[in-house]
Amino acid sequence: MNSNNYEMIFCIVNAGFAVEAMESAKKAGAQGGTILRARGTANPEAEEFYNISIQPDKEILWIIVPKEIKDDVMHNLYEDAGLNTPGKGIIFSLPVTHAIGLHEQEEEKKKES
């Protein structure tokens, strides 16, 4: 299925901050997401260049949202979990070009309305 109406938002935060980041995304209309545990690999030059301490334990939040709310969700994530917060989050998005299951969810929502 062609799903050009959606974007996948990735939010990489220090361990322990993904739930807080998800709550922030929900305030902007996201329905939910998936949290993955990860481990970062930064070198001392990157820490010095960005003037930040890199915590190796990370969490990655994956959130699929309609394009219409992507900017609002990303803004909320940046405000509540971005680089200037204890979560030290990095947020980016990629287009969802094909997906199975999103269309079915849309149809269920239409039936409930």
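The structure presented is a predicted model; accordingly, all values stated were derived computationally and were not measured.
By the criterion of side-chain heavy atoms lying less than 4.5 angstrom apart, applied directly or through intervening Ile, Leu, Val, Met, Phe, Trp or Tyr residues, Ile60 is grouped together with Met8 in one hydrophobic cluster. No path of Ile, Leu, Val, Met, Phe, Trp and Tyr side chains, each step under 4.5 Å between heavy atoms, connects Phe17 with Met22, placing them in separate hydrophobic clusters. Under a hydrophobic-cluster definition in which Ile, Leu, Val, Met, Phe, Trp and Tyr are linked whenever side-chain heavy atoms come within less than 4.5 Å, directly or via other members, Leu94 and Ile69 are assigned to different clusters. Using a 4.5 Å cut-off between side-chain heavy atoms of Ile, Leu, Val, Met, Phe, Trp and Tyr, with links allowed through other members, Val19 and Phe10 fall into different hydrophobic clusters.
A distance-only check finds no donor-acceptor pair linking the side chain of Thr34 to the backbone of Trp62 [under 3.5 Å].
If you take OH on Tyr78 and CD1 on Ile91, they are separated by 8.0 Å, rounding to the nearest 0.5 Å. The distance from the CD atom of Glu23 to the CG atom of Asn76 is 11.5 Å, given to the nearest 0.5 Å. Atoms CD1 and CE, on Ile63 and Met74 in that order, are 10.0 Å from each other to the nearest 0.5 Å. Taking CG from Asn4 and NE2 from His98, the interatomic distance works out to 7.5 Å, rounded to the nearest 0.5 Å. Expressed to the nearest 0.5 Å, how far CG of Asp80 lies from SG of Cys11 amounts to 10.0 Å.
Two residues are said to be in side-chain contact when any heavy atoms from C-beta on lie closer than 4.5 Å; Arg39 and Asp57 meet this criterion. Proximity of Phe92 to Ile12: side-chain heavy atoms (C-beta onward) are separated by under 4.5 Å at one or more points. Counting heavy atoms from C-beta outward, Ser93 and Ile9 have side chains that approach closer than 4.5 Å. Side chains of Lys58 and Val13 form no contact here, defined as non-hydrogen atoms less than 4.5 Å apart.
Across every non-hydrogen atom of Lys26 and Gln31, the tightest pair is CE-O, 3.9 Å. Nearest approach of Leu61 to Ala18, heavy atoms of both residues: CD2-O, 4.0 Å. Taking both residues in full, the closest heavy atoms of Thr85 and Glu79 are given as CG2-O, 3.7 Å, listed atom of the first, atom of the second, then distance.
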For this session: In sequence, state the C-alpha distance, the side-chain angles, and the governing distance for Val73 and Leu77, and then conclude on side chain to side chain contact (heavy atoms under 4.5 Å, CB included).
Result: CA-CA 6 Å; Val73 172; Leu77 285 168; 4.0 Å; yes
